[in-house]
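The next block holds one structure in the form of structure tokens; read it before the comments.
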Amino acid sequence: MYLKFFVLACISSHSVLDVYAGDCSTRCEWLEWKSWTTCSQTCGTTEKKSTSRSLCCPSDLTDLELCVDYCSLDIADHYDEADCGRECYNGLDICEAIPTDVVFILDSSLSQTQTEFQKQLDFVGKFVDNVDVGPTAFVLSIITYSSTAVVEIEFDDSNSKQSIKDQLMGVQFRPGVTNTNKGLDLARSLLSVRMERRPGMYTKKIAFVLTDGLSNDRTKTEASAKLLKGEAHVVAIGVGPEVSHTELVAIASPADDYSLSYVYTVESFDALYTVLERLIDVSCEKCQPKSLTDIFLLVDDLPDSRMTVTEWQIAVNGLATIVDGLQAFNDENGQRVGIAQFPDTNDPIKQLSLSNTLRKDDILHFLQVMAPSEDTCRGTKDDCVLKSNITSIIQDVIDNQFTSSFGGRDDARKVLLVVSSGRFSNITEVAEQMLNIRLHTDVDIFDIGPGGDVDMRGLKSLVSEPSRVFVVKEDSDMASLDGLRAKFSYIACG
Ligand SMILES: *[C@@H]1O[C@H](CO)[C@@H](O)[C@H](O)[C@H]1NC(C)=O
Ligand SMILES: *[C@@H]1O[C@H](CO)[C@@H](O)[C@H](O)[C@H]1NC(C)=O
């Protein structure tokens with residue numbers, strides 16, 4: 001009885017209107033679940049959300065427990081709970097930071113429209129939504145630059161999320177030339193007077209530099225960036241096709257223990273949100289490099305998009321460079337690699353599955369002997385009708401190759417690297433199908449395009465953002481794969 005009473009008391013605290021006598025029509029039937037209680041939006045907690053539902057009871061039974069007994073139902077069905085987990089905001093966890101000063105340096109140059117400028121402000125707003133703001137967490141400042149640089153929002157420890165968002169609404173577009181150096185200089189002078197916020201406690205300083213083009217004076221930009229890097233971690237975010245990768249690299253801080261790269265690129269202002277999660281990770285000192293990664297290399301040998309002999313050669317060398325450079329290959333917590341050439345209708349199976357017994361040499365040998373298919377089909381007539389296409393092949397690899405029966409590891413990060421010319425016959429269709437495939441998998445997809453004649457639209461259609469496409473122009477251009485290699489170790493944030 002004591003126990004029963006306790007359960008009842010506990011349940012009552014969750015719900016006021018458990019028992020309906022009046023309005024409901026079917027006795028002993030559970031009513032609709034109420035909405036879930038809200039989560040507090042703090043990441044890393046074990047917080048639960050809960051819901052409950054009422055029961056339709058006879059009017060003389062005002063006690064839920066008695067009514068449940070009367071109806072021969074289980075009282076446990078009245079209440080449900082679930083982890084708050086990652087459902088906090090836009091699918092992102094809120095990051096709990098150590099004291100961090102963040103300055104956003106926004107591009108207000110003529111090369112963009114007012115609307116595009118507004119998207120930078122929206123992006124900052126989303127960042128603010130996703131971090132803790134206040135004296136012991138993030139304090140933010142906003143600078144814009146074009147012909148001159150202007151402090152739009154000052155560092156102010158008393159700012160709240162809302163006050164920053166209110167001020168963001170008032171930030172004006174000030175079109176002019178791209179004097180990136182002035183923005184960087186102003187950021188440095190703001191950051192240089194920021195002191196530790198708690199005595200003896202380190203305050204991290206981060207500068208996010210957004211740009212959609214080339215700066216007017218690259219030499220000055222590099223010089224200013226160098227000084228700023230002495231004051232803060234500098235993260236460079238390039239937006240759109242006009243951005244110089246070289247300049248971004250010159251602006252950004254070099255890789256360190258917390259990030260393998262401080263350069264991000266996105267296709268358009270609309271795609272800025274795709275880097276949000278990583279920026280938040282970068283700002284959070286709860287991250288560690290990890291190498292537990294299962295990598296599957298997929299070589300596209302479909303007739304439509306088949307690589308030329310030259311492209312094939314560049315592709316093979318690119319893959320060899322990557323495999324050769326894996327630092328933790330086959331370590332227990334390191335990388336495993338599998339590879340396949342698709343489709344494989346004509347010949348014996350052309351693939352090596354993920355496995356801990358595979359040596360680097362086996363893969364390099366496989367790459368050496370791998371050759372493009374000939375168009376003449378040697379099978380029966382039925383075999384010669386091609387049943388697969390790039391999306392069905394990718395789906396098949398995702399569904400099978402990463403499973404434990406093929407040597408995949410449950411706790412590993414899963415990476416699919418597709419090598420292709422991107423010359424698919426209907427790129428729109430491929431893009432639509434890939435969008436759907438990516439929605440339903442945790443496999444990270446990257447691609448490599450060999451040579452100068454690849455179709456960038458096709459390559460982009462396979463991946464979630466343009467920074468995941470790696471084009472290797474020629475054999476001497478393997479340095480462009482450095483960024484890709486870095487992704488095979490990764491930063492895990494707890
Ligand atoms: C390509 O695919 C799209 C959508 O799947 C379709 O609407 C369009 O007609 C196709 N284009 C061609 C040229 O087949
Ligand atoms: C690929 O093949 C599948 C079925 O085999 C089909 O549903 C899909 O539309 C095809 N996709 C493309 C891009 O041709």
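For ligands, and for the atoms within them, numbers begin at 1 and follow the listed sequence.
Residues S146 and S108 bring no donor and acceptor atom of their side chains to less than 3.5 Å of each other. A side-chain donor-acceptor contact under 3.5 Å links S111 and S109. If you check the side chains of S147 and R174, you find no donor sitting under 3.5 Å from an acceptor. Judged purely by distance below 3.5 Å, without hydrogens or angles, the side chains of T144 and E152 pair a donor atom with an acceptor atom.
Ranking protein heavy atoms by distance to atom 13 (C) of ligand 2, first place goes to Q433 OE1, 3.3 Å. If you check which protein heavy atom lies closest to atom 5 (O) of ligand 2, you get K387 O, 3.8 Å. For atom 3 (C) of ligand 2, the closest non-hydrogen atom of the protein is N389 ND2, 3.6 Å.
Every atom of ligand 1 is numbered from 1 in the order shown, and the set under 4.0 Å from a heavy atom of E429 is 2 (O), 5 (O). With ligand atoms numbered from 1 in the order given, ligand 1 contributes 4 (C), 5 (O) to contacts under 4.0 Å with heavy atoms of E432.
There is no protein heavy atom less than 4.0 angstrom from atom 9 (O) of ligand 1.
Considering backbone and side-chain N/O atoms, T428 never comes within less than 3.5 Å of an N/O atom of ligand 1.
Ligand 2 is never approached by N426 to a heavy-atom distance shorter than 4.0 Å.
Between Y262 and H233, the ring-plane angle classifies as tilted under the 30° and 60° cut-offs. Between F104 and F123, the ring-plane angle classifies as perpendicular under the 30° and 60° cut-offs.
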